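Report on one structure; see the data block that follows.
None of these values were measured; they are calculated from a predicted model. One is the number of the first residue; the rest follow in order along the sequence.
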Amino acid sequence: MANEDEWYEIVEGEELEQGDFIMGVPIFMPEYTSDLTEQLPEALVTRNIPGVLYRYNVIVMSQTCDLVQHKLKHVLVCSYWLLEALGQKEPNLPNGPEGP
């Protein structure tokens with residue numbers, strides 16, 4: 001039996017919707033100096049740039065209507081942290097070591 005306070009549900013399938021939570025999304029963060037972009041010729045197609053691969057839990061911010069109609073080349077996401085986990089690092093947040 002679902003709790004009446006639960007306004008969300010676990011979904012299955014491959015279609016994204018605004019508000020979907022996705023865990024462990026790989027995000028590549030390049031490490032380069034600003035002068036690198038000045039050195040690149042416009043015709044250059046590939047370039048090896050060092051970086052670090054992180055994994056984030058994210059929520060989909062792009063609108064569902066744009067996703068369903070395949071109007072987007074990229075999907076906007078925002079990282080999220082569980083309040084309990086964040087509270088362990090930030091003592092002024094609820095559920096933190098010294099939080100309210």
Side-chain angles (χ1 to χ4, degrees):
M1 175 187 242
N3 183 339
E4 291 180 20
D5 293 335
E6 292 180 2
W7 49 267
Y8 57 89
E9 64 184 77
I10 296 176
V11 296
E12 294 183 17
E14 296 183 17
E15 293 295 321
L16 287 178
E17 292 187 3
Q18 185 178 31
D20 283 352
F21 289 95
I22 307 171
M23 301 183 76
V25 173
I27 306 289
F28 178 75
M29 301 294 282
E31 296 176 337
Y32 58 88
T33 59
S34 60
D35 64 331
L36 176 65
T37 56
E38 295 169 5
Q39 298 171 15
L40 297 176
E42 290 183 27
L44 185 63
V45 177
T46 60
R47 170 93 177 178
N48 291 330
I49 298 175
V52 178
L53 184 66
Y54 295 96
R55 294 201 175 268
Y56 286 98
N57 295 334
V58 300
I59 183 170
V60 175
M61 303 298 289
S62 297
Q63 294 184 0
T64 300
C65 58
D66 291 334
L67 294 167
V68 170
Q69 296 176 21
H70 304 284
K71 289 184 174 181
L72 305 174
K73 184 176 180 180
H74 302 283
V75 176
L76 179 64
V77 297
C78 180
S79 58
Y80 74 89
W81 294 266
L82 297 176
L83 183 59
E84 294 81 12
L86 190 57
Q88 295 299 317
K89 295 180 182 181
E90 299 293 333
N92 293 326
L93 292 175
N95 298 324
E98 305 295 324

Do Ile22 and Tyr80 sit in one hydrophobic cluster, given that two such residues count as connected whenever their side-chain heavy atoms are within less than 4.5 Å of each other, even indirectly?
no
Please check if Val25 and Met23 belong to a single hydrophobic cluster, counting links between Ile, Leu, Val, Met, Phe, Trp and Tyr side chain heavy atoms closer than 4.5 Å.
no
What's the verdict on side chain to side chain contact (heavy atoms under 4.5 Å, CB included) for Val75 and Leu16, showing C-alpha distance, side-chain angles and the deciding distance?
CA-CA 9 Å; Val75 176; Leu16 287 178; 4.2 Å; yes
Val77 reachable from Leu72 in the ILVMFWY side-chain graph, under 4.5 Å edges
yes
Report all side-chain donor-acceptor pairs from residues 54-67 shorter than 3.5 Å, counting only partners two or more places apart or in another chain.
| residue | atom | partner | partner atom | Å |
| --- | --- | --- | --- | --- |
| Arg55 | NH1 | Gly24 | O | 2.9 |
| Asn57 | OD1 | Gly24 | N | 3.0 |
| Ser62 | OG | Leu76 | N | 2.8 |
| Thr64 | OG1 | Gln18 | N | 2.8 |

